[in-house]
Amino acid sequence: MRTASLATVLLGAASTIQAQQAASPGYDCYPTCIPSTVPANETLSFGRHYAVLNLDMITALVSGVAPTPAGSKWIANTARWIDAVHAQSPPPLSIFTRIYFSNSHKPEIGPASPFAKVGSALGTASSNLTEVYPAFCVNETVGDVVLQKTRYYAGAGNGLEEILRAQQIDTVVMSGIRTSGVILSTAYRLFDLDYKVYVIANNTIETPSNSPDINTNILEGILPKLPVAVITLEQALAALNVSGPAIY
């Protein structure tokens, strides 16, 4: 009986793995499938006035998750998305954020600053740890923008909001690390500023990467209540094909 029960369990596990592997390209359901808030039968478009936000993908943060299964899948998914965005003709506005300080004294944070507890280990713009992780292509030739920031919110202390206004952006599509930090903070702020906000579930990750419950609770519970649209990578890739041509 025990042998039969074990066989049943193993068969069930194998079926689950096969189902995950058979999912649409790019959506690996790791560690669990995050349901999209946009119905699968609904044609999704970002319009023409959209911007792609790639947030805090710096070596200091990414290298901590890169060796893990969740991290390697997140890197592959996000890199695929960035490459697909660059392949658009013309490509939309892409904005990357980096966390770094003006000099070694780190004047942007004082010893009593709450953010000092999470950001004080980072250095200046010249530090390799604050550079965009090599797997993610920044193409300034086609207009990619790289902004410094010194808090969770993607627009803290930089020209993000000014750029979005000047380029008449009405929709933002977000990827980044970490979900409970820059993704959540930026989603709230830009939602309040009347932008339509999309978060690509495959392209967000929590640190450490063995904290899937936090990631899932934010993507399934908190963001949809705003409401912010949480979508899958394959939905985002399909939307590129019917969006635009981007105005930038």
At what distance, to the nearest 0.5 angstrom, does [atom1] of [X] lie from [atom2] of [Y]?
{"X": "L223", "Y": "N217", "atom1": "CG", "atom2": "CG", "result": "11.0 Å"}
{"X": "L184", "Y": "L226", "atom1": "CG", "atom2": "CG", "result": "8.0 Å"}
{"X": "Q88", "Y": "N241", "atom1": "CD", "atom2": "CG", "result": "6.5 Å"}
{"X": "R80", "Y": "N202", "atom1": "CZ", "atom2": "CG", "result": "9.5 Å"}
{"X": "D213", "Y": "E220", "atom1": "CG", "atom2": "CD", "result": "10.0 Å"}
{"X": "R48", "Y": "S243", "atom1": "CZ", "atom2": "OG", "result": "11.0 Å"}

Judged by atom type as modelled, is there a donor-acceptor pair below 3.5 Å linking the side chain of [X] to the main-chain atoms of [Y]?
{"X": "T186", "Y": "A154", "value": "yes"}
{"X": "T78", "Y": "I75", "value": "no"}
{"X": "S113", "Y": "G110", "value": "no"}
{"X": "Q148", "Y": "R98", "value": "no"}
{"X": "S185", "Y": "G181", "value": "no"}
{"X": "K106", "Y": "T124", "value": "no"}
{"X": "H49", "Y": "Q168", "value": "yes"}
{"X": "T204", "Y": "S175", "value": "no"}

Give the minimum heavy-atom separation between [X] and [Y], together with the two atoms involved.
{"X": "R151", "Y": "A156", "result": "CB-CB, 3.6 Å"}
{"X": "C137", "Y": "D83", "result": "CB-OD1, 4.2 Å"}
{"X": "T130", "Y": "A125", "result": "OG1-O, 3.8 Å"}
{"X": "L237", "Y": "A84", "result": "CD2-CB, 3.5 Å"}
{"X": "S94", "Y": "N54", "result": "CB-ND2, 4.4 Å"}
{"X": "I205", "Y": "G71", "result": "CD1-CA, 3.8 Å"}

I'd like to check [X] versus [Y] (side-chain heavy atoms, cut-off strictly below 4.5 Å). Are they in contact?
{"X": "V145", "Y": "L93", "value": "yes"}
{"X": "Y248", "Y": "P90", "value": "no"}
{"X": "S89", "Y": "P245", "value": "no"}
{"X": "Y152", "Y": "R178", "value": "yes"}
{"X": "Y50", "Y": "I247", "value": "no"}
{"X": "Y100", "Y": "S126", "value": "no"}
{"X": "I34", "Y": "T232", "value": "no"}
{"X": "V228", "Y": "Y198", "value": "no"}

Apply side chain to side chain contact (heavy atoms under 4.5 Å, CB included) to residues T171 and Y195 and explain how you reach the verdict.
CA-CA 5 Å; T171 300; Y195 291 95; over 6 Å; no

- Task: Determine, stepwise, if the pair L164 / L190 fulfils side chain to side chain contact (heavy atoms under 4.5 Å, CB included).
- Result: CA-CA 10 Å; L164 295 179; L190 295 185; 4.2 Å; yes

Is it true that [X] and [Y] fall in one hydrophobic cluster, defined by side-chain heavy atoms closer than 4.5 Å?
{"X": "L193", "Y": "V199", "result": "yes"}
{"X": "M57", "Y": "L129", "result": "no"}
{"X": "F115", "Y": "I177", "result": "yes"}
{"X": "V172", "Y": "I222", "result": "yes"}
{"X": "V38", "Y": "L233", "result": "yes"}

Walk me through it: do E161 and R189 pass the test salt bridge (Lys or Arg N to Asp or Glu O under 4.0 Å)? CA-CA 10 Å; E161 293 180 18; R189 173 62 178 169; 3.1 Å; yes

**Prompt:** Stepwise, does the side chain to side chain contact (heavy atoms under 4.5 Å, CB included) test hold for V182 with M174?
**Reply:** CA-CA 10 Å; V182 66; M174 293 170 47; over 6 Å; no

- Message: Within the supplied structure, the quantity of interest is the number of heavy atoms (other residues, nucleotides, ligands) at a distance under 6.0 Å from E42 CD; does it exceed 12?
- Response: yes

inquiry  = Under the criterion side chain to side chain contact (heavy atoms under 4.5 Å, CB included), I'd like the reasoning laid out for F96 against L55: C-alpha separation, chi angles, the key distance, then a yes or no.
reply    = CA-CA 6 Å; F96 292 75; L55 305 177; over 6 Å; no

**Asked** Could K149 and D56 be called an ion pair, given the rule that one side-chain N must be under 4.0 Å from one carboxylate O?
**Response** yes

Note to self: Between T59 and E131, do the side chains contain a donor N or O and an acceptor N or O under 3.5 Å apart?
What the structure shows: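 Distance-only check fails for E131 and T59.
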
Next on the checklist: Quick check: W74 with F136 (ring centres under 6.0 Å apart)?
Outcome noted: yes

